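Contents: one structure, followed by commentary.
We name chains A, B, ... by the order of the sequence lines, and we start the count at 1 in each one. Keep in mind that this is a model prediction, so the values were computed, not measured.
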Protein chains: 2
Amino acid sequence: MRLSNLADYAVVTMCQAARHCGGGKVSAAELASESGLPAPTVQKVVSKLTSAGLLRSSRGAGGGLQLARPAAAISLADIVEAVEGPIALTACVEGEDCAVHEKCSVKPHWPIVNSALRGALAEIPLTRLAQIPQVKEVA
Amino acid sequence: MRLSNLADYAVVTMCQAARHCGGGKVSAAELASESGLPAPTVQKVVSKLTSAGLLRSSRGAGGGLQLARPAAAISLADIVEAVEGPIALTACVEGEDCAVHEKCSVKPHWPIVNSALRGALAEIPLTRLAQIPQVKEVA
DNA sequence: TGAAATCGGAACGAATCAGTCTGATTTAGG
DNA sequence: CCTAAATCAGACTGATTCGTTCCGATTTCA
Ligand code: SF4
Ligand code: SF4
């Protein structure tokens, strides 16, 4: 029930990239320096994000990363799915029949839980994560 | 974002045990046979569930398992936490400071997401999972 | 044309997870 | 009271995935 560190770092990286949206292009090394994450890790993260279509990459000197979509149109679910693969709590949700998929009585209930969970993540756009402060009273 | 197979099997096992709640005591081998899961795996699962306090175990001949609480008072979150440990999407939610917990701007937002997610799981009691049929129109 | 800078993918090591097994404990019966 | 069976409980091994790191292919600027 804990998402991988790569996914977490991907969220941080995307949040950092969202701030440079106006500038347009930012290098991975720049994002690593500003966020404090290890540079190679950021490189791997942006690689996956680019493959998923969330980031736009420009090779060569002066190149860098760029948000492929508006920050408001990117949700946590998108980032998590880009790094961790499809959101599926159990194997049967994905279609991969487990060993006891025939007798399992809770199988029909998993899609409901899965949808509720994904919906909760989809309700959090990237713009909300970019807002740093003013949320101290929730602790 | 996928819970471990052990947690999934734990849910199935608990669901199966809930049906024998009236009888009182059921052996782990019995649950394994009825659910179709591998017997050793069920043994490991019930061991963890007992340690967490969700099941009541009776040693010796004629012993077996028993629900420690009413089926309505056991939620998915309880089962998952018993097997997978605390529900914490990221390290900072648990209190384990990650490498960049100081500069991280999304850290204050994770508890909100985490609570929403756990709430979604806590809303599913074991009694709902025990109801086998009559949910075909949701597909 | 030369060179630098960037992303992209591939390789390595570590950690966790899943599965299996054997042993300690307890009760029922003789 | 003793034997015996049955049960849970914990420890071990193998495998998969995750995390990290490094080096090469590609592109643009000077
Ligand atoms: S069929 Fe049942 S046991 Fe198999 S993956 Fe789905 S929920 Fe889990
Ligand atoms: S502080 Fe930021 S990077 Fe670290 S675990 Fe929390 S959200 Fe992730």
Side-chain angles (χ1 to χ4, degrees), chain A residues 1-10 12-13 17 20 24-33 37-66 68 80 82-86 88-91 96 98-100, chain B residues 1-13 17 24-33 36-66 68 80 82-86 88-91 94 96 98-100:
Chain A
M1 213 49 207
R2 176 177 299 184
L3 53 80
S4 61
N5 292 4
L6 269 301
D8 182 17
Y9 292 162
V12 177
T13 303
H20 294 275
K25 297 176 182 177
V26 190
S27 67
E30 192 79 13
L31 292 173
S33 297
L37 296 170
T41 302
V42 174
Q43 230 169 26
K44 187 175 183 62
V45 165
V46 296
S47 179
K48 284 202 172 186
L49 260 50
T50 305
S51 300
L54 269 68
L55 284 176
R56 200 92 180 194
S57 66
S58 300
R59 306 267 283 254
L65 286 312
Q66 191 173 352
V80 172
V83 177
E84 291 252 309
L89 269 64
T90 63
E96 302 288 335
C98 88
V100 295
Chain B
M1 212 51 206
R2 177 176 299 183
L3 53 80
S4 63
N5 291 2
L6 270 302
D8 182 16
Y9 292 162
V11 175
V12 177
T13 303
K25 297 176 182 177
V26 189
S27 67
E30 193 78 14
L31 292 174
S33 298
L37 295 171
T41 302
V42 174
Q43 230 169 28
K44 189 176 182 61
V45 165
V46 296
S47 179
K48 284 202 171 187
L49 260 51
T50 304
S51 298
L54 269 69
L55 282 178
R56 200 90 181 193
S57 66
S58 300
R59 305 267 283 254
L65 285 313
Q66 193 174 351
V80 172
V83 178
E84 291 252 308
L89 269 65
T90 63
E94 256 286 296
E96 303 288 336
C98 87
V100 295

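Between the CG atom of A:L37 and the P atom of D:dT21 there is a distance of 12 Å, rounded to whole Å. As a whole-Å value, the separation of B:Q43 CD from D:dA6 P is 14 Å. Rounded to an integer number of Å, the gap from NZ of B:K48 to C1' of D:dC8 is 16 Å. In this structure, A:L49 atom CG and C:dT6 atom P are separated by 19 Å, rounded to whole Å. Distance NZ (B:K25) to C1' (D:dA6): 13 Å, rounded to an integer number of Å. The distance between atom CD of A:E30 and atom P of C:dC7, rounded to the nearest whole Å, is 11 Å. We find that CG of A:N5 is positioned 13 Å from P of D:dT21, with the value rounded to whole Å. Rounded to a whole Å, the CZ atom of A:R2 is 12 Å from the C1' atom of C:dT16.
Among the nucleotides D:dA11, C:dT6, D:dT20, the one closest to any side-chain atom of B:K44 is D:dA11. Residue B:P38 places its side chain closer to C:dT20 than to any other of C:dT26, D:dA25, C:dT20. Listed nucleotides D:dT21, C:dG8, C:dG19 differ in distance to A:S47; the shortest reach to its side chain belongs to C:dG8. Of the candidates C:dG19, C:dG8, C:dC21, C:dG8 carries the atom nearest the A:R59 side chain, counting heavy atoms from C-beta on. Distances from the side chain of A:A28 to the nucleotides D:dT21, C:dG9, C:dC7 place C:dC7 closest. Comparing D:dC8, D:dT21, C:dG19 by their nearest atom to the side chain of B:L6 picks out C:dG19. Closest contact between the side chain of B:A61 and the listed nucleotides C:dG9, D:dC8, C:dA28 involves C:dA28.
OP1 and OP2 of D:dT7 both lie 4.0 Å or more from every side-chain N or O belonging to B:S58. Dashed line: the shortest gap from a side-chain N or O of A:S27 to OP1 or OP2 of C:dA5 is not under 4.0 Å. Taking 4.0 angstrom as the limit, A:S4 places a side-chain polar atom (N or O) nearer than this to OP1 or OP2 of D:dG19.
Just one residue in the list A:L31, A:T41, A:D8 forms a side chain to side chain contact (heavy atoms under 4.5 Å, CB included) with A:T13, and that residue is A:L31.
When atom types are taken as modelled, the side chain of A:E84 and the backbone of A:S4 share a donor-acceptor pair closer than 3.5 angstrom.
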Steps toward side chain to side chain contact (heavy atoms under 4.5 Å, CB included) verdict (B:V100, A:V12): CA-CA 10 Å; B:V100 295; A:V12 177; 5.5 Å; no
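Closest approach of B:A32 and B:A39 over heavy atoms only: CB-CA, 3.8 Å. Heavy atoms only, all atoms of each residue included: A:L89 and B:R2 are closest at O-CG, 3.2 Å.
Summary of the strand contacts: B:G60 and A:P40 both lie near DNA chain C, and taking for each the nucleotide with the nearest heavy atom, the more 5' one is attributed to A:P40. Between A:A7 and B:S51, the residue anchored closer to the 5' end of DNA chain D is B:S51, taking for each the nucleotide with the nearest heavy atom.
Using a 4.0 Å heavy-atom distance criterion, A:A29 is classed as making no nucleic acid contact.
Put simply, CG on B:L65 and CZ on B:R56 are 12.0 Å apart, with the number rounded to the nearest 0.5 Å.
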